[in-house]
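As structure tokens, the structure follows; a few thoughts come after it.
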Amino acid sequence: MDALTGVKACVFDAYGTLFDTASAARRSAGLLGDKAGPLAALWREKQLAYTWLRAVQGRHADFWQVTGDALDFALEALAIDRPGLRDRLMQLYLTLDPYPEVPEVLRRLRAAGLKTAILSNGTPRMIEALVAGAGLQFDALLSVEQAGAYKPHASVYQLALDTLGLPARAIAFQSSNGWDAYGASAFGMQVVWCNRSRQPRERLPGAPDREVDTLAALPALVGA
């Protein structure tokens, strides 16, 4: 797989890309039993749907509220009613597990002199908690709250350019979410789609430059 050219910074989506969104439910498997997997999937599905639906309605709410609303829907839909479970799951969402390859990938990128950043739907508090809990380091932690809109709105991707002081083509953007990868590509960034679940290509504007199964392949793709 040919390397990308001219990359000065690597910008990452957080949820599903660096951090495993299913890990909160998985760590509560003792309480959820065989509903842990279905809960994680439905929670994530509704979380994303609510960001898009609120955007269309022009009724923005931050990602913490959206995450809680999505969890409430999922718990009711799956008929899960355990005292204290909602609060436990929400707190666990602040300390999601990073994927195994992430620490070493970031170390190699930084050692090669590349800037690294997160660009996430999460609130500043949520992103900071994830990074601190995993012991990771970045040059910038960017939240959509700074733009007042959710991805894939162009104003969100513009935050990375403004903060890093780089043109779009000097940034490699990594996301496991196909719609996000295509959105960043349409915006003009070079994009590596970390297609962890091997989804088919999106029928959307843009086209990721490279597709990988995990982030382990990223350092070679950006010359690190």
CD of Gln146 to CG of Asp162: how many Å apart, nearest 0.5 Å? 10.0 Å
For residues 116-142, which residue pairs qualify under side chain to side chain donor-acceptor pair (under 3.5 Å), counting only residues two or more places apart or in two chains? Arg110-Thr116
Say you draw a straight line from CG of Asp13 to NZ of Lys151; how long is it, rounded to the nearest 0.5 Å? 3.5 Å
Trace of the side-chain contact (heavy atoms from CB on, under 4.5 Å) decision for Leu48 with Val66: CA-CA 8 Å; Leu48 291 174; Val66 166; over 6 Å; no
Closer than 3.5 angstrom, by distance alone: can the side chain of Lys46 be matched with the main-chain N or O of Phe73 as a donor-acceptor pair? no
For residues 16-27, pull every pair meeting salt bridge (charged side-chain N to carboxylate O under 4.0 Å, His left out), keeping only residues two or more places apart or in separate chains. Asp20-Arg26, Arg26-Asp97, Arg27-Asp97
How would you list, by chain and number, every residue that makes a side chain to side chain donor-acceptor pair (under 3.5 Å) with Ser176, sequence neighbours excluded? Thr17
Please give me the minimum heavy-atom distance between Pro38 and Leu78, naming the atom from each residue. C-CD1, 3.8 Å
Would you please indicate if the ring centroids of Tyr157 and Phe173 are separated by under 6.0 Å? yes
Contacts of type side-chain contact (heavy atoms from CB on, under 4.5 Å), residue Ala40, not counting sequence neighbours: Ala22, Ala25
State, yes or no, whether a side-chain contact exists between Leu106 and Phe12 at a heavy-atom distance under 4.5 Å. yes
From Gln174 CD over to Arg210 CZ, what is the distance, rounded to the nearest 0.5 angstrom? 12.0 Å
Not counting sequence neighbours, list each pair that qualifies as a ring pair (Phe, Tyr, Trp, His ring centres under 6.0 Å) and has a residue in residues 17-38. none
Considering only heavy atoms from C-beta outward, does the side chain of Arg88 approach that of Leu31 to under 4.5 Å? yes
Considering non-hydrogen atoms only, spot the tightest contact between Leu142 and Ala160 and give its length. CD1-CA, 3.7 Å
Please check if Leu42 and Trp52 belong to a single hydrophobic cluster, counting links between Ile, Leu, Val, Met, Phe, Trp and Tyr side chain heavy atoms closer than 4.5 Å. no
Rounded to the nearest 0.5 Å, what separates atom OG in Ser185 from atom CD in Glu202? 12.5 Å
Contact summary for Ala24 and Leu92, nearest pair of heavy atoms: O-CD1, 3.5 Å
Decide whether Tyr182 and Ile171 are clustered together by the hydrophobic rule: side chain heavy atoms of Ile, Leu, Val, Met, Phe, Trp, Tyr closer than 4.5 Å, transitively. no
Output the distance between atom CG (Leu18) and atom CD (Glu101), rounded to the nearest 0.5 Å. 9.0 Å
Look only at the side chain of Arg54 and the backbone of Arg59, and say whether a donor-acceptor pair between them is shorter than 3.5 Å. yes
Locate the shortest heavy-atom distance separating Met126 from Gly122; write the atom from each residue and the value. SD-CA, 4.4 Å
Sequence neighbours excluded, which residues qualify as ring-ring contact (aromatic ring centres under 6.0 Å, His included) partners of His60? Tyr150
Check whether any side-chain heavy atom of Ile127 lies under 4.5 Å from a side-chain heavy atom of Phe138, and answer yes or no. no
Quick one: ring-ring contact (aromatic ring centres under 6.0 Å, His included) partners of Tyr93, sequence neighbours excluded? Tyr15, Trp43
Take a 6.0 Å sphere around CD of Glu76 and say whether it holds more than 12 heavy atoms from other residues, nucleotides or ligands. no
Considering residues at least two apart in sequence or located in another chain, which fulfil the side chain to side chain donor-acceptor pair (under 3.5 Å) criterion with Arg198? Asp213
My understanding is that only residues two or more places apart in sequence, or in another chain, count here; which of them pass side chain to side chain donor-acceptor pair (under 3.5 Å) with Ser155? His153
Got a sec, which residues hit salt bridge (charged side-chain N to carboxylate O under 4.0 Å, His left out) with Glu45, two or more places apart in sequence or on another chain? none
Partners of Trp64 by ring-ring contact (aromatic ring centres under 6.0 Å, His included), sequence neighbours excluded? none
Chi angles and distances behind the side-chain contact (heavy atoms from CB on, under 4.5 Å) call for Leu204, Trp179: CA-CA 7 Å; Leu204 290 169; Trp179 55 268; 4.1 Å; yes
Ile80 side, atom CD1; Leu85 side, atom CG - distance, nearest 0.5 Å: 7.0 Å
Among the clusters formed by ILVMFWY side chains lying less than 4.5 Å apart, do Val102 and Trp193 turn up in the same one? no
Taking atom types as modelled, is there a side-chain donor on Arg44 or Gln47 under 3.5 Å from an acceptor on the other? yes
Taking side-chain contact (heavy atoms from CB on, under 4.5 Å) as the definition, give me every residue that meets it alongside Gln190, ordered by chain and number, with sequence neighbours left out. Leu4, Val7, Arg169, Asp209
Heavy-atom closest contact (Leu161 atom, Pro167 atom, distance): CG-C, 4.2 Å
Please give me the minimum heavy-atom distance between Leu114 and Ala9, naming the atom from each residue. CD2-N, 4.2 Å
Would you sort out whether Arg196 and Leu215 count as a side-chain contact (heavy atoms from CB on, under 4.5 Å), showing the intermediate values? CA-CA 9 Å; Arg196 294 186 184 278; Leu215 290 173; 3.8 Å; yes
Test side-chain contact (heavy atoms from CB on, under 4.5 Å) on Leu218 and Val212; report intermediate values, then the result. CA-CA 8 Å; Leu218 180 62; Val212 298; over 6 Å; no
Would a 4.5 Å heavy-atom cut-off, applied to side chains only, mark Val144 and Asp62 as touching? no
